[in-house]
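In what follows, a single structure is set out as structure tokens and then discussed.
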Number of protein chains: 2
Amino acid sequence: MNNFGYVLDMKNYSIQRESILKTVQGTHSHPTAEWVFSKVKKTLPNVSLGTVYRNLGLLADNGKIQAIHFDGVIHYDGTMENHQHFYCIECKTIIDIHIPNKSFVSEVEQKTNHIIANSHVHMNGICKSCKSK
Amino acid sequence: MNNFGYVLDMKNYSIQRESILKTVQGTHSHPTAEWVFSKVKKTLPNVSLGTVYRNLGLLADNGKIQAIHFDGVIHYDGTMENHQHFYCIECKTIIDIHIPNKSFVSEVEQKTNHIIANSHVHMNGICKSCKSK
DNA sequence: TCATATTTAGGAATGATTCCTATTTTTATT
DNA sequence: AATAAAAATAGGAATCATTCCTAAATATGA
């Protein structure tokens, strides 16, 4: 058993995968594959973009990181705890919102009879600091 | 003034634009540009895909329809009233949820001091009818 | 009808992501 | 430590949704 406890297709350890995981976990900036690629390249200059994409996908599939789609681009998030996102249309920043939306989700489950596996609130607007300018 | 009351770049009437708007407004299936294209082509065989994309974008910018990003693909929604979306991972259907999430939004606004212009809840799970199989 | 502004058709270009394959690395076994 | 099988990688080609470009067509207002 490797030190990640991988399942499914992630059977072997690789330094690339470890670096990609650590890079996503080490930021709150909701990076794209391209950004992760540029970071990982600093310690592993020969890493390929395809490897970054493949591993980000695998890590998300295996519940190690989250994939969030923003305007047609995949962003990754190392925080697995359920939380929401606010996008500032002014400074183009994605801000984490750690406020639960549980009552809404259970209201929907109750009224619709669908099973909700996961949910995500995506908010757009003007952030606190842009507002005060 | 044309019969749509367009603003911004939508200055002139065109039969293509009208057909595209009516097509989106005439379904609850959250269509993609490609789907709208195939529908519009039935009455306007020479319509081009670029025209469909351009008009869907303009109509969304002008508040006539909504653009929703699902897994990196833009879907359009003719219902402008605020509502949420549930995606069934079994039958791959997008289902409208007409339950307001207002209290959550105002809680976030109050606690964070951001201005929330709009918000959207994206839920994934298994729908009622798939559940009962 | 005329002059101007707007829109279109058609196709090329873009950009994020996925796919392909020969080579390299990891792992399990001896 | 040597070896064979399995898994992962590098590098680049392919894909696919979307945007951009331009000459021709259409709509508008006078």
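In what follows, every chain begins at residue 1, and chains take the letters A, B, ... in the order their sequences are listed.
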Kindly indicate whether the side chain of [X], heavy atoms from C-beta on, has any atom under 4.5 Å from the side chain of [Y].
X: A:Y53; Y: A:N55; answer: no
X: B:K128; Y: A:T112; answer: no
X: B:I99; Y: B:Q84; answer: no
X: B:R54; Y: B:L58; answer: yes
X: B:L21; Y: B:I65; answer: yes
X: B:M123; Y: B:Y87; answer: no
X: A:I126; Y: A:I89; answer: yes

A:K102 NZ: over 12 foreign heavy atoms closer than 6.0 Å: no
How about NE2 on A:H98, more than 12 heavy atoms from neighbouring residues, nucleotides or ligands closer than 6.0 Å, or not? yes
Residue set satisfying ring pair (Phe, Tyr, Trp, His ring centres under 6.0 Å) with A:H85, at least two apart, ordered chain then number -> A:H30, A:H83, A:H120
Applying ring pair (Phe, Tyr, Trp, His ring centres under 6.0 Å), can you list everything that pairs with B:F86, at least two apart in sequence or on another chain? A:H114
Within residues 24-35 of chain B, the residues having a heavy atom closer than 4.0 Å to DNA chain D are none
Which of these nucleotides, C:dT7, D:dA17, C:dA9, is closest to any side-chain atom of B:V73? D:dA17
At how many degrees, to 10°, do the end axes of the helix from C:dT1-D:dA30 to C:dT30-D:dA1 meet when each uses five pairs? 40°
Just the rounded figure in Å: distance from [atom2] of [N] to [atom1] of [X].
X: B:K11; N: C:dT8; atom1: NZ; atom2: C1'; result: 17 Å
X: A:E18; N: D:dA8; atom1: CD; atom2: C1'; result: 15 Å
X: A:L44; N: C:dT25; atom1: CG; atom2: C1'; result: 13 Å
X: B:I74; N: D:dC16; atom1: CD1; atom2: C1'; result: 13 Å
X: A:R17; N: C:dT26; atom1: CZ; atom2: P; result: 12 Å
X: A:N55; N: D:dA8; atom1: CG; atom2: P; result: 8 Å
X: A:L58; N: C:dT18; atom1: CG; atom2: C1'; result: 13 Å
X: A:F70; N: C:dT17; atom1: CZ; atom2: P; result: 14 Å

If we count only N and O atoms by modelled type, under 3.5 Å, do the side chains of A:Y76 and A:Q66 hold a donor and an acceptor together? no
Any B:Y53 side-chain nitrogen or oxygen under 4.0 Å from OP1 or OP2 of D:dT18: yes
Counting just side-chain N and O atoms, does A:Q16 come under 4.0 Å of either OP1 or OP2 of C:dT25? no
Measure all distances between protein nitrogen or oxygen atoms and nitrogen or oxygen atoms of nucleotides 11-13 of chain D, and list the pairs falling under 3.5 Å.
residue, atom, partner, partner atom, Å
D:dG11, OP2, A:N46, O, 3.3

Can you give me the N/O atom pairs linking the protein to nucleotides 21-27 of chain D at distances under 3.5 Å, or say none if there are none?
none

Determine, using ring centers only, whether A:F70 and A:H122 are less than 6.0 Å apart. yes
Please assess A:L44 against A:I15 for the test side chain to side chain contact (heavy atoms under 4.5 Å, CB included), listing each intermediate value before the final yes or no. CA-CA 9 Å; A:L44 302 172; A:I15 190 114; 4.3 Å; yes
